[in-house]
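Data block below; observations after.
Values below: all heavy atoms of this structure, side chains included; hydrogens, waters and symmetry mates excluded.
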Amino acid sequence: MTSQDNFQVPQRSLRQRLRTGMTDVVNLSLWRHPAARIIAGIVGIALFVTVFTVPLDFWGQVIFAAVSFGCALLLRKVPGRLPTLTMIVFSLTASLRYIYWRITETTGFEGFVDTFFGTGLVLAELYALTVLLLGYFQTAWPLERKPLPMPATLDTWPTVDVLIPTYNEPLEVVRQTVYTAMGMDWPGEKLKVFVLDDGRREEFRLFCEEVGVGYITRDNNRHAKAGNINSALQVTSGEFVAIFDCDHVPTRSFLQVCMGWFLKDRKLAMLQTPHFFFSPDPFEKNLQTFRAIPNEGELFYGLVQDGNDLWNATFFCGSCALIRREPLMAIGGMAVETVTEDAHTALKLNRLGWNTAYLAIPQAAGLATESLAGHVGQRIRWARGMAQICRIDNPLLGRGLKLGQRLCYLNAMLHFFYGAPRLIFMTAPLAYLFFGAQVFQATALMIAAFALPHLLHAGITNSRMQGRFRHSFWNEVYESVLAWYILRPTITAFINPRLGKFNVTAKGGIVDRSYFDWNIARPYVILVLLSLIGIGLGVWRVVVGDFAREQYTTLAINLIWTTYNIIMLSAAIAVASESRQVRKTPRVIASLRASISLADGRVIACRTEDFSQTGLGLALTSELDIPLGERLYVSIYRDQDEASFPAEVVFRRGNKLGVHFEELTTIQQVALAQMTFARADLWAQNWGRGERDTPLKALGGVLRIGARGFGIFFINAWRMLRIPRMTRRTGPTLKTGD
């Protein structure tokens, strides 16, 4: 045996070698010279333009696409930001090659039908490409800001007013937010909590008086939530203002986690934290995906806002934020010109040169909308407000913003104009199946050679960047549900931004029984029926037609496209099947250390399975004979802290116990809130910790939901034929033109 046999050099994987090589290139001393950077930039741009404009025949395009996609697949799991940026370059190359070819080679339309449908599709594709480019710019390099510690001397800590606006929400919803706000870790003499009641309800005034918080009201409801806050700003005086929607429960650490950056940066006007929900939204509830698949808002709060932070363009989101009073008053308070007063306020602050920031750490948790109708209504307001901002305070125009800020705000506004493009994508293949419209003036094989690389690169690149907060194909589901409903509000608000009014999103309601919401589902049902008819026509043409080979390929592509659209629309139908929800105070699943103290003196260690404002679900270590109605004390532990509460046993099965709290004092309510809803660790442990996206697995999940939605449609259609019209259950009618 030679000495070489005893010392074998470990073989590094190809991904490891790629990572090391790319790091070495980045660290070259050459890049420290400005001239080298400028020359490299000019050469890079010239090469990039050449790459996406150079003409290639079919096989040349196929080889080019295969090589670039193979490189992207190799980079897909290489850690680091440089591989991500490289994948973005590959994706941009494929997408720009496609759109350049699309415009220069496939738009020679003949006849009105081809021109009408073909031009509409090209415009939709240009919109999608613009949003893709802006999205890469916005999220390629999230800032990932961390909290800064507070000074040890409490005398230097500023005064804070906590504002909790409410209008028509029940007291049970608002009560928990008040209790947790009262218990925040901040010097008592420097913290004041105010309930801003635009409903002017006596029970709210009495509650605030009982627990010792401020109660502010006014004699009108002008400008809705924004006007409510502005009215309160006139009668409060704290150096900072913390704003929480009345269903958003702050953690006890909120102020200490957020305030450090304000003390470091005297130009910082607003710091936003995520909107985290402890109850499922309609997608999660009706599709049973809660905590399994990221919800619709997680991409924005998990990645987009972090990317905005790099460009000093963090948006205020109306709640769970801390704002410095001085700049807020300098812009006249909350913006009242649009119904998205939050984002517009941040835009005004940025225009005056103030900074905004984002901490991607959940420091509050709230209630999601209970019904799909409520969810759609909320998104309609957001879409209308962004269209209003686009008209009356367009970020591309006017002074005060840097280029990065303008592009981030632009992407936020453009996002809500997806209604028309999404509907075009869902109906484009029907133009061929119904009317024979040639929306592409090219062979089917050439279309596949250019379009597939564009779609595949965008898919795997976004999967890498967004995988913790958005799974593949789910964006199409979300947009399919909302496209029809935001189309008219965005167009009307863009034409006449004065139209429309603020609508309050209902929270804390119940759904007394399961039902299918035909009002909401009507657009999806119509599109599914049209798509099924289109597929029938396509199959009939295959059976009786005399097509050339190219025509069969074109027909096959349109049939596959239509089938994909049916899957997405069927998933939207599944969301419209409302599940029963009878709890006014949703339970939060959480395993917390606890114990129960019985009347005979026994103390039994256990853990919580869930909690709510009114009770606990407990798991004992063994089965005990504890009768229903037994009164006991429950203790909950948080590190070395303990709090005990009187309760009554209302459920028992095996070693499972359900207890309902008896009348708690204000002090006990605050203590309960600190031990449960105000624990930041509960929300942080679920933030971005789900299974990362795997495109094929995500597609399988959407396929299963689509199949379920398809079945739901036919089952409910059969029931509709058998049940008299007056007895059918439908949701509220949405007035999208308000």
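Contact between Ala647 and Val659 at its shortest, heavy atoms only, is CB-CB, 4.0 Å. The nearest pair of heavy atoms linking Leu592 to Met675 is CD1-O, 3.8 Å.
The one candidate from Asn312, Asn350, Asp309 that meets the side-chain hydrogen bond (donor to acceptor under 3.5 Å, both in side chains) condition with Asn355 is Asn312.
Summarising the local packing, CZ of Phe290 is surrounded by more than 12 heavy atoms from other residues, nucleotides or ligands at distances under 6.0 Å. Within 6.0 Å of CD1 on Ile667 lie no more than 12 heavy atoms contributed by other residues, nucleotides or ligands. No more than 12 heavy atoms of other residues, nucleotides or ligands shown are found within 6.0 angstrom of CZ on Arg222.
With Phe262 as the aromatic partner, Arg324 does not meet the cation-pi criteria of under 6.0 angstrom to the ring centre and within 45 degrees of the ring axis. A cation-pi arrangement is found for Arg593 relative to Tyr637, the charged atom lying closer than 6.0 Å to the ring centre and inside a 45° cone about the ring normal.
Phe283 and Tyr478 have perpendicular rings, their planes meeting at more than 60° on a 0 to 90° scale where under 30° would count as parallel.
Under 4.0 Å is where a charged nitrogen must lie from a carboxylate oxygen, and between Glu662 and Arg631 at least one such pair does. Under the 4.0 Å criterion applied to side-chain N and carboxylate O atoms, Glu298 and Arg468 are not assigned as salt-bridge partners. Between Asp245 and Lys225 there is a salt bridge, with a side-chain nitrogen of the basic residue lying less than 4.0 Å from a carboxylate oxygen of the acidic one.
There is a side-chain donor-acceptor pair under 3.5 Å between Thr251 and Gln363.
In this structure a side-chain-to-backbone donor-acceptor pair under 3.5 Å is present from Gln674 to Gly183.
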